[in-house]
Structure formats: structure tokens, C-alpha cells
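Shown next, in C-alpha cells, is the structure this report addresses.
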Amino acid sequence: MSASETIFVTGGAGFIGSAVVRRLVAETACQVVNIDKLTYAGCLDNLLPVAQHPRHHFIQADICDQPAMRRLFQEHRPRAVLHLAAESHVDRSIDGPAAFIQTNVVGTATLLETAREYWRQLPEGEQQSFRFLHVSTDEVFGSLGPEGHFTEETPYRPNSPYSASKAASDHLVRAWHHTYGLPVLITNCSNNYGPYQFPEKLIPLMIVNALAGRPLPIYGRGVNVRDWLYVEDHVTALLTVLERGQPGETYNIGGHNEKTNLEVVTLVCAILDELQPAANGRPYDRLITFVADRPGHDLRYAIDASKIARELGWRPQESFASGLRKTVQWYLDNRWWWEKLLQERYSGQRLGVLASNAGGLP
Ligand code: NAD
Ligand code: DAU
């Protein structure tokens, strides 16, 4: 990406978006316009490494705000949009689906329509090089049994309000390509983990609970399987798809790391036993507690990532053992980051148990 290019990153104050922003600033010459509403999940501390950088431009804005989006396109004239802004947590979508419909569906439609207006009036060469990369999830495919993998041809069968809203947004992106010719790309990725992940998600929640001596809540019997990908591998995949992906195509991204939740939490405990033994000398896995299952809990996700490997040459570089160790070490070294979030935004309570309908649909 050259110095004359501007890239929009939506959701660039979140977990994955901030990793994209940090990488773009560190390893390319482009201007990065970071558009984020700063919801509970958006955190400017994630951007401290690039806060003063002259090529990083942070703008607090809502992707649902079309006049604001129009102004940004006209002012900054991007070559590409990397769209990561979303409500991302399944448990919160059970408690309150409305925000998911608003940002993930309405927000994506707003951004697509604004991008189309802008793209339409570009000179032909710039129209051809423009890209809209929509970052989505493997959860749109629903749940697998013990066998099989999601491919790009797997039919969509979303089961949670979160995955249904992401599926809807994927369909909108596809439609804007087929109907209007907008040069879009879609990626469907498995579970990410790594530094700066908000402590509501499984791995960081287990780390911070264990360090506080609190129970480690495992939903159901802990047999649900996720495929784990280190966040920096996801960033590399996204930049690869942006540069070499075929407009109109979708690409599955996964880590080839299928683990049950019980295996993941047991491994987190073992790493903590080694790096930061509990003061009372007892192993952390004594804190594992089985709790009521997540409503509609998908049993298993597994990604067939052979298309992106074959066509674009991307493969994950980080093993789960090394990536998880780095992640645990990062949370140990950066207590200030998550202690502030726990104090100000989320204190580790159980979400998504149908106890309330606050924020539900009208
Ligand atoms: P996150 O919750 O950490 O960050 C989301 C960011 O979007 C936050 O900074 C938030 O402030 C911002 N945002 C929310 N609503 C907005 C709005 N209306 N306008 C502007 N900004 C808004 O999420 P994440 O885990 O970094 O996920 C990023 C994207 O990747 C999402 O689209 C998610 O669906 C997708 N994804 C995530 C994973 C994963 O494991 N975390 C896996 C596959 C795909
Ligand atoms: O698959 C990709 C998706 O991965 C992304 O699209 C989502 O944005 C991301 O949040 C993630 O969704 P999950 O629901 O898989 O992630 P979560 O960390 O919430 O849960 C992972 C698994 O662990 C899941 O099976 C539920 C379970 N779990 C989770 C929490 C928070 C527990 O057993 N206990 C917990 O306390």
C-alpha cells in the first residue's frame, strides 16, 4: 500500500480492528482513517502504540450516521474500506439484539450505500482498484456435528441474534456487488484470540478470573468446539485478501486449531500455573465451574481454509500453544489495560442467560 493511498478501518478501536490499524501503520506507508463509535468495546488504549503517529487519523463516528460517513468519504477519498465495526459478543446479542441489528445490519447497509455513491463517481482506474472488505464470522454457517468443516459453499444457518445479524450483513454486501458492481470481498473467520481482547470473551475472561481467584465458568459440559486463530494471523489474512482477493469472492479463514472449551480453559490454567502460580500454591484448574449452558449454543465450528491457502497463499503461522502463551503473558504484563475495563465497563458477570430483556427489540 503506497503513501498516496488512504485506507478506512471501521471498528479500529476494537480487538481485531486495532490490530489491523497497528499493522497498517507499522508496515505500510498508507494513511489510516480509523472510524469507531467507541461503544463499550472500543478502547483508545488499544491504539496507544499509534496514537501520535502522523498517518493514523482517529475519528469517533457511528457507521449508521450516513451524513457523517458521506463527509468522511468525500474528505479522505479512500482506496479501500476494511469494515470491522460491529457488535461482536454472542451473549450480549441474547440479552439485547437491537444494537446488533442496528450496527451490524443497518450500519453495514449505510456504509455500503455511502461507499457506492462515492465509488460511482470515481475515475475508471480508481473504480477498478477500490475495495470494500467486509469482515465476517464462521458463525453464519451455524453448527456442525462431530465431523465436517465449513467451506465457502456451506449454506448459511445462523443460530444466534449475533450470527443472524452478521449473516444479514454478508448478504447485503453480496447484493451490492451483484446489483451495483461494487468491488467487495467477504471473509468468514473463526474465533480470534490475542492481546487487547475485551475480557467478556472466553480466553481473556478465564485469565482475569483465574488471577482474581474467581470461578472459571464453563457453559454446559465444556464440550463445544471452536477453531482458534491468533489475531495477528487474522490481520495478515485480511491484508492478503485486500491486496490479492478476487472482487465478489468470499474467503474462509481459520487456524486449524479445533479445541473443546474445556481443553482451552485447562490449557490457560496450565500456562498460568507456570507463569504466575497462585499465591496459595494450588492449581488454577480447581476454579473450573460448570454453569448453565448458553441458549442456542452452537456445538462445533471448524473451518476449511484451503481456498485462501490455494488461491492467495495464506496460512496461519502461530501454533495454539505458542499463541496462547504469548496471550497469557500479555495479560500478565498489561494488568492496567484490563483492570481499568473491569472497573469502568464490565466486571465479569454472566451475560446471555435470558434473565432480562433490557435493550431488546421494541
Ligand atoms: P470488538 O467488539 O472488539 O470491536 C468492535 C469495534 O466496533 C469497537 O471498537 C466498537 O466501538 C466499534 N463499533 C461498534 N458499533 C459501531 C458503530 N455503530 N459505528 C462505529 N463503530 C462501532 O470486535 P472484534 O472482536 O474486534 O471483531 C471485529 C469484527 O470481526 C466484527 O465484525 C466481528 O463480527 C468480526 N469477527 C470477530 C471474530 C472474533 O473472534 N473476535 C471472529 C470473526 C469475525
Ligand atoms: O467464531 C467466531 C466468533 O467467535 C466471532 O464471530 C465472535 O465475534 C466472537 O465473540 C466469538 O464467538 P464465541 O461465542 O465463539 O466466543 P466466546 O468467547 O463468547 O465463547 C467461546 C466459547 O466459550 C463458546 O462456546 C462459549 C464458551 N464460553 C464463553 C464464555 C464467555 C464459556 O464456556 N464460558 C464463558 O464464560
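Keep in mind that this is a model prediction, so the values were computed, not measured. Ligands are counted one by one from 1 in listed order, and the atoms in each one are counted from 1 as well.
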Item to check | Nearest-neighbour protein heavy atom for atom 1 (P) of ligand 1, which is reported as residue plus atom name and distance | outcome: Ser88 OG, 3.6 Å

Checklist entry - With no hydrogens and no angle check, do the side chains of Tyr219 and Asn224 hold a donor and an acceptor under 3.5 Å apart? => result no

Next on the checklist: Test your reading of the structure: does Lys201 have an N or O sitting under 3.5 Å from an N or O of ligand 1?
Outcome noted: no

Checklist entry - Does Ala19 come within less than 4.0 angstrom of ligand 1, counting non-hydrogen atoms of the residue? => result no

Next on the checklist: In this structure, does ligand 2 have an atom that sits under 4.0 Å from one of the heavy atoms of Lys166?
Outcome noted: no

Next on the checklist: Can you report which non-hydrogen protein atom sits closest to atom 11 (O) of ligand 1, along with the distance?
Outcome noted: Asp36 OD1, 2.6 Å

Checklist entry - Between Asp62 and ligand 1, does any nitrogen or oxygen pair lie at a separation below 3.5 Å? => result yes

Item to check | contact_flag Ala13 ligand 1 heavy-atom lt 4.0 Å | outcome: yes

Next on the checklist: Below 3.5 Å, N or O to N or O, backbone or side chain included: is there any such pair between Asn191 and ligand 1?
Outcome noted: no

Next on the checklist: Evaluate Leu84 for polar contact with ligand 1, using N/O atom pairs at a separation under 3.5 Å.
Outcome noted: yes

Next on the checklist: Below a 4.0 angstrom heavy-atom separation, can you tell me which part of Glu139, side chain or backbone, both or neither, approaches ligand 2?
Outcome noted: side chain

Item to check | Structural part of Asn261 in contact with ligand 2, heavy atom criterion under 4.0 angstrom | outcome: side chain

Checklist outcome for this item: Taking only non-hydrogen atoms of Thr39 and a 4.0 Å limit, the atoms of ligand 1 in range are 10 (C), 11 (O), 14 (C), 15 (N)

Checklist entry - What residue and heavy atom of the protein are closest to atom 25 (O) of ligand 1, and at what distance? => result Phe15 CD2, 3.7 Å

Checklist entry - Considering only heavy atoms from C-beta outward, does the side chain of Arg226 approach that of Asp298 to under 4.5 Å? => result yes

Next on the checklist: Below the 3.5 angstrom mark, is there an N/O of Asn192, backbone or side chain, next to an N/O of ligand 1?
Outcome noted: yes

Checklist entry - Under a 4.5 Å cut-off applied to non-hydrogen side-chain atoms, are Phe132 and Trp176 in contact? => result no

Next on the checklist: Contact between ligand 2 and Arg350 is defined here as a heavy atom of the residue under 4.0 Å from a ligand atom; is it met?
Outcome noted: no

Checklist entry - So is Ser136 in contact with ligand 1, going by heavy-atom distances below 4.0 Å? => result yes

Checklist entry - Can you find an N or O of Tyr162 that's nearer than 3.5 Å to an N or O of ligand 1? => result yes

Checklist entry - So which of Lys307, Arg244, Arg174 actually passes salt bridge (charged side-chain N to carboxylate O under 4.0 Å, His left out) with Glu249? => result Lys307

Item to check | Lys37: numbered ligand 1 atoms lying under 4.0 Å from its heavy atoms | outcome: 16 (C), 17 (C), 18 (N), 19 (N), 20 (C), 21 (N), 22 (C)

Checklist entry - Is there a nitrogen or oxygen of Glu200 sitting under 3.5 Å from a nitrogen or oxygen of ligand 2? => result no

Item to check | Asp138, Ile253, Asn191 screened by side-chain contact (heavy atoms from CB on, under 4.5 Å) with Leu229, the one that passes | outcome: Ile253

Next on the checklist: If you count every heavy atom of other residues, nucleotides or ligands that lies below 6.0 Å from Gln349 atom CD, does the total exceed 12?
Outcome noted: yes

Next on the checklist: Is there a path of hydrophobic side-chain contacts, each under 4.5 Å between heavy atoms of I/L/V/M/F/W/Y residues, joining Leu38 to Val32?
Outcome noted: yes

Item to check | Joint cluster assignment, Val208 & Trp337, ILVMFWY side-chain distance < 4.5 Å | outcome: yes

Item to check | For ligand 1, the portion of Lys166 having any non-hydrogen atom under 4.0 Å away | outcome: side chain

Checklist entry - Can Arg77 and Glu126 be said to form a salt bridge (Lys or Arg N to Asp or Glu O under 4.0 Å), step by step? => result CA-CA 10 Å; Arg77 310 195 64 76; Glu126 289 179 40; 5.1 Å; no

Next on the checklist: Looking at ligand 1, would Thr10 count as a contact under a 4.0 Å heavy-atom criterion?
Outcome noted: no

Checklist outcome for this item: Residue, atom and distance of the protein heavy atom nearest atom 19 (N) of ligand 1 read Ile63 N, 3.0 Å

Checklist outcome for this item: Among Arg300, Arg294, His297, the residue with a heavy atom nearest to atom 14 (O) of ligand 2 is Arg294

Next on the checklist: Does only the side chain of Ser190 get under 4.0 Å from ligand 2, or the backbone, or both, or neither? Count heavy atoms.
Outcome noted: backbone

Next on the checklist: If we set the cut-off at 4.0 Å for heavy atoms, which region of Cys43 has an atom near ligand 1: side chain, backbone, both, or neither?
Outcome noted: neither

Checklist entry - Does the side chain of Thr187 come within less than 4.5 Å of Cys189's, by heavy atoms? => result no

Checklist entry - For Ile35, is at least one N or O under 3.5 Å away from an N or O on ligand 1? => result no

Checklist entry - Would you say Pro217 has any N or O atom under 3.5 Å from an N or O of ligand 2, going by distance alone? => result yes

Next on the checklist: Below 3.5 Å, N or O to N or O, backbone or side chain included: is there any such pair between Cys64 and ligand 1?
Outcome noted: no

Checklist entry - Under 3.5 Å, N or O to N or O, is Asp91 touching ligand 2 that way? => result no

Checklist entry - Near Leu38, which atoms of ligand 1 are under 4.0 Å from a heavy atom of that residue? => result 11 (O)

Item to check | Tyr40-ligand 1 polar pair, N/O distance under 3.5 Å | outcome: no

Checklist entry - Does one hydrophobic cluster hold both Val223 and Leu262, with members joined at side-chain heavy-atom distances below 4.5 Å? => result no

Next on the checklist: Just so I know, are the side chains of Leu182 and Trp119 near enough to count as touching, which here means a heavy-atom distance under 4.5 Å?
Outcome noted: yes

Checklist outcome for this item: Under 4.0 Å between heavy atoms, the region of Val264 that gets near ligand 2 turns out to be neither

Checklist entry - Is any NZ, NE, NH1 or NH2 atom of the basic residue among Glu339 and Arg335 found under 4.0 Å from an Asp or Glu carboxylate oxygen of the other? => result yes

Checklist entry - Among all protein non-hydrogen atoms, which one is nearest to atom 5 (C) of ligand 1, and what is the separation to 0.1 Å? => result Ala86 O, 3.4 Å

Checklist entry - Any nitrogen or oxygen of Ala85, main chain or side chain, under 3.5 Å from a nitrogen or oxygen of ligand 1? => result no

Next on the checklist: To check your reading of the model: name the closest protein heavy atom to atom 27 (O) of ligand 1, its residue, and the distance in Å.
Outcome noted: Ile16 CD1, 3.8 Å

Checklist entry - Which of the numbered atoms in ligand 1 are below 4.0 angstrom from a heavy atom of Val135? => result 30 (O), 32 (O)

Next on the checklist: Does any part of the side chain of Pro217, heavy atoms only, come nearer than 4.5 Å to the side chain of Thr289, both counted from C-beta?
Outcome noted: no

Checklist entry - Taking only heavy atoms of Ala61, which atoms of ligand 1 are found under 4.0 Å from at least one of them? => result 19 (N), 20 (C)

Item to check | Structural part of Leu202 in contact with ligand 2, heavy atom criterion under 4.0 angstrom | outcome: both

